[in-house]
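Reviewing the structure listed below.
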Amino acid sequence: MTTTAWNDVDQYVNARLAPHDRALDAALEACAAAGLPAISVTASQGKLLALLARSIGARRVLEIGTLGGYSTIWLARALQQDGRVVTLELEPKHADIARANIARAGLESVVEVRLGAALDSLAAMIAAREPAFDFTFIDADKANIPEYFQRSLALSRPGAFIVVDNVVRDGGLADASSADPSILGVRRLHEMLANEPRVSATTVQTVGSKGWDGFTLALVGGRS
Ligand code: SAH
Ligand code: DHB
Ligand code: MG
């Protein structure tokens with residue numbers, strides 16, 4: 001259908017506004033060489049995350065779902081001085097590749113990859129009263145998105161931003177009859193947000209080289 005045109009536009013925009021460099025290219029090449037799925041954010045999406053993080057002056061960034069650290073590198077580069085990214089990953093192989101990619105980008109001193117199931121890692125962070133985060137990117141398994149969002153909210157300062165990837169899923173978001181756990185997860189997120197006075201949120205659909213999907217964007221402490 002129009003996916004070729006979506007790709008062309010992604011390439012046009014990426015080449016001008018989100019150009020790759022050696023570290024980003026090397027990260028994607030290392031992911032491919034290791035057989036990781038090609039599901040990192042696109043360059044223009046990475047740039048969007050970086051711009052949002054910069055716009056709120058983010059010092060503490062939380063990422064849920066590291067894969068090979070491609071989005072992590074975009075976020076780490078957007079940090080203010082003395083900033084830090086904590087990124088949560090279940091798969092040891094992914095975490096190892098991410099650490100190597102992050103080191104190659106010269107960012108090992110600002111990024112911490114924490115291995116484990118994100119629900120457990122987040123619960124431990126809440127129990128330990130870790131300092132609040134300014135920005136969170138939720139991008140792990142989709143069935144647990146509502147719980148990731150609630151726990152991220154507990155770890156966010158007022159004025160923080162939370163971004164959730166893959167919430168439209170080829171239009172599955174609007175399919176009330178779906179039994180797909182990922183669709184149920186993104187639908188439950190929206191039901192939750194509709195009744196969550198602590199955040200103001202919207203969802204934006206996207207097309208591009210990753211097909212038809214979208215982001216939920218939430219401001220903590222916002223008015224609707
Ligand atoms: N944010 C990355 C892509 C993440 S892909 C980027 O854009 O570059 C999703 C990742 O979430 C995978 O690496 C997967 O192993 C991880 N994941 C899946 N379930 C998880 C869980 N329960 N806890 C932590 N990470 C999980
Ligand atoms: C999938 C996961 C992602 O985070 C993504 O951006 C695209 C696809 C997936 O699990 O299929
Ligand atoms: Mg994703």
Side-chain angles (χ1 to χ4, degrees), residues 10 14 18 20 23-32 34-50 52-53 61-78 85-102 104-105 107 111-125 135-152 162-173 180-186 189 203-217:
D10 252 351
N14 292 347
H20 266 211
L24 289 169
D25 284 340
L28 291 181
E29 283 161 18
C31 289
L36 267 49
I39 56 175
S40 307
V41 293
T42 65
S44 56
Q45 292 173 346
K47 179 84 176 272
L48 172 67
L49 295 175
L52 290 170
V61 169
L62 172 63
E63 178 176 66
I64 305 173
T66 315
L67 193 65
Y70 180 80
S71 53
T72 320
I73 292 171
W74 279 102
L75 286 166
R77 288 175 172 176
V85 178
V86 176
T87 182
L88 311 180
E89 175 55 52
L90 177 66
E91 299 292 341
K93 177 180 168 185
H94 298 184
D96 286 346
I97 291 164
R99 288 191 185 104
N101 287 336
I102 289 160
R104 197 185 294 107
L107 295 163
V111 177
E112 185 187 339
V113 182
R114 285 192 199 164
L115 193 58
L119 285 177
D120 298 340
S121 301
L122 292 165
M125 292 164 77
F135 187 93
T136 298
F137 180 45
I138 300 177
D139 192 22
D141 56 305
K142 312 309 168 189
N144 283 315
I145 282 177
E147 287 69 37
Y148 294 149
F149 192 92
Q150 283 295 344
R151 291 178 194 195
S152 300
I162 302 175
V163 177
V164 189
D165 197 18
N166 312 117
V167 296
V168 174
R169 314 282 303 182
D170 286 313
L173 180 59
D180 176 338
S182 296
I183 301 298
L184 292 172
V186 294
L189 170 72
T203 291
V204 180
Q205 303 187 65
T206 57
V207 295
S209 57
K210 288 183 72 182
W212 176 22
D213 216 323
F215 293 107
T216 294
L217 309 169

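Order of appearance sets the numbers: ligands from 1, and atoms from 1 within every ligand. Keep in mind it's a predicted model, so treat the numbers as computed, not measured.
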Nearest-0.5 Å distance, CG of residue L36 to NE2 of residue H94: 4.0 Å
Side chain proximity check, D165 to F215, heavy atoms < 4.5 angstrom: yes
Sidechain-backbone polar pair: R99 side chain, V113 backbone, donor-acceptor under 3.5 Å: yes
Heteroatom proximity flag, L67 to ligand 1, N/O under 3.5 Å: yes
From E63 atom CD to L49 atom CG, the distance as rounded to the nearest 0.5 Å: 8.0 Å
Nearest non-hydrogen protein atom, atom 26 (C) of ligand 1: L90 CB, 3.6 Å
Short N/O/S contact of N166 with the Mg ion (ligand 3) (below 2.8 Å): yes
Pairwise distance CD(E29) to CG(L24) - rounded to 0.5 angstrom: 11.0 Å
N166 side chain reached by V186 side chain, heavy atoms, under 4.5 Å: no
Top protein contact for atom 11 (O) of ligand 2, by heavy-atom distance: R169 NH2, 4.2 Å
Nearest to the Mg ion (ligand 3) - the N/O/S atom of D165, by atom name: OD2
Nearest non-hydrogen protein atom, atom 10 (O) of ligand 2: I39 CD1, 4.3 Å
Part of D141 within contact of ligand 2 (heavy atoms, under 4.0 Å): neither
Numbering as shown, the atoms of ligand 1 that approach E91 to under 4.0 Å (heavy-atom distance): 15 (O)
Side chain, backbone, both or neither: the part of L119 lying under 4.0 Å from ligand 1 by heavy atom: neither
Which of the ligand 1 atoms, numbered from 1, are nearer than 4.0 Å to a heavy atom of G116: 23 (N), 24 (C)
Any donor-acceptor N or O pair under 3.5 Å, side chains S209, D10: yes
Nearest-contact summary for atom 15 (O) of ligand 1 - protein heavy atom, Å: E89 OE2, 2.6 Å
Minimum-distance protein heavy atom relative to atom 7 (O) of ligand 1: V41 N, 2.9 Å
Nearest neighbour in protein (non-hydrogen) for atom 20 (C) of ligand 1: D141 OD1, 3.4 Å
Nearest non-hydrogen protein atom, atom 3 (C) of ligand 2: N166 OD1, 3.1 Å
Short N/O/S contact of D213 with the Mg ion (ligand 3) (below 2.8 Å): no
Heavy atom of the protein closest to atom 23 (N) of ligand 1 (residue, atom name, distance): A118 N, 2.9 Å
Flag side-chain contact, heavy atom, 4.5 Å: V164 against F137: no
Donor-acceptor under 3.5 Å (D213 side chain, R169 main chain): yes
Heavy-atom side-chain contact between L48 and W74 under 4.5 Å: no
Residue and atom name of the nearest protein heavy atom (relative to atom 9 (C) of ligand 1), distance in Å to one decimal: D139 O, 3.1 Å
Spacing of L67 atom CG and E91 atom CD [to the nearest 0.5 Å]: 10.0 Å
Close-contact set for ligand 2 against K142 heavy atoms, below 4.0 Å: 2 (C), 3 (C), 4 (O)
P181 and D141, any side-chain heavy atoms less than 4.5 Å apart: no
Protein contact of atom 5 (S) of ligand 1 - nearest heavy atom, named by residue and atom, plus distance: I39 CD1, 3.6 Å
For Y148, the ligand 1 atoms whose distance to one of its heavy atoms is below 4.0 Å: 21 (C), 22 (N), 23 (N)
Steps toward side-chain contact (heavy atoms from CB on, under 4.5 Å) verdict (N14, H20): CA-CA 8 Å; N14 292 347; H20 266 211; over 6 Å; no
Numbering as shown, the atoms of ligand 1 that approach E63 to under 4.0 Å (heavy-atom distance): 1 (N)
Ligand 1 atoms in contact with A117 (distance to a heavy atom under 4.0 Å): 23 (N)
Check ion pair K93-D96 (N to O, under 4.0 angstrom): no
Distance filter under 4.0 Å to D165 heavy atoms, resulting ligand 2 atoms: 6 (O)
Heavy-atom side-chain contact between N101 and C31 under 4.5 Å: yes
Name of whichever N/O/S atom of D139 is nearest to the Mg ion (ligand 3): OD1
Taking atom 6 (C) of ligand 1 as the reference point, the nearest protein heavy atom with its distance: S71 OG, 3.0 Å
